[in-house]
Amino acid sequence: MNELQTEYDTPWKDAIESYFEEFIAFFFPQAHGDIDWRQGYEFLDKELQQVVRDAELGKRLVDKLVKIYRTVSRVMSGRM
């Protein structure tokens, strides 16, 4: 990634990290309802970097990985 791309990329990543729940609610409202926000979430950027480095995939399209928890009632009801 060149320096200009990095300048535009970092603010978006920071905004997603700061407003992750709101981001999901706006862009993915159905998924937002399936997430148990009380359990929190965890950004796994270092783990994703390791996977990408190990796989040597070339062009990357995703560089944020977030661990979330699904709501039990929706999972148990078969709504996957």
Side-chain angles (χ1 to χ4, degrees):
M1 186 179 310
N2 69 38
E3 189 174 319
L4 182 59
Q5 288 174 317
T6 302
E7 289 178 25
Y8 290 110
D9 196 38
T10 301
W12 281 107
K13 291 177 184 178
D14 292 343
I16 289 172
E17 284 195 25
S18 296
Y19 301 101
F20 180 66
E21 183 175 352
E22 294 84 353
F23 173 83
I24 296 297
F26 184 80
F27 289 104
F28 307 101
Q30 186 173 358
H32 182 272
D34 292 338
I35 296 172
D36 186 351
W37 296 103
R38 296 170 298 158
Q39 292 193 46
Y41 50 89
E42 178 182 1
F43 286 90
L44 302 172
D45 296 344
K46 292 187 187 320
E47 291 81 354
L48 179 62
Q49 289 172 1
Q50 184 63 43
V51 170
V52 171
R53 187 178 313 117
D54 291 347
E56 298 181 23
L57 295 175
K59 184 177 180 181
R60 295 186 322 173
L61 300 175
V62 176
D63 56 4
K64 279 288 179 199
L65 179 64
V66 184
K67 177 181 176 181
I68 55 100
Y69 298 88
R70 294 188 66 185
T71 56
V72 175
S73 61
R74 292 182 191 241
V75 173
M76 299 291 284
S77 70
R79 186 170 170 246
M80 297 183 164

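Residue indices begin at 1 and follow the sequence shown.
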Side chain to side chain contact (heavy atoms under 4.5 Å, CB included) involving Glu22 - partner list, sequence neighbours excluded:
Tyr19
Glu17 meets the salt bridge (Lys or Arg N to Asp or Glu O under 4.0 Å) criterion, sequence neighbours left out, with Lys64
Identify which one of Ile68, Thr71, Val66 satisfies the side-chain contact (heavy atoms from CB on, under 4.5 Å) criterion when paired with Ile35.
Ile68
When rounded to the nearest 0.5 angstrom, what is the spacing between NZ in Lys46 and CG in Leu65?
13.5 Å
Set of side-chain hydrogen bond (donor to acceptor under 3.5 Å, both in side chains) partners for Glu21, sequence neighbours left out
His32
Does Phe27 have any ring-ring contact (aromatic ring centres under 6.0 Å, His included) partners at least two apart in sequence or in another chain, and if so, which?
Phe23
Taking only residues two or more places apart in sequence or in another chain, which ones pass ring-ring contact (aromatic ring centres under 6.0 Å, His included) with Phe43?
Phe20, Tyr41
Is there a path of hydrophobic side-chain contacts, each under 4.5 Å between heavy atoms of I, L, V, M, F, W or Y residues, that connects Val72 with Tyr69?
no
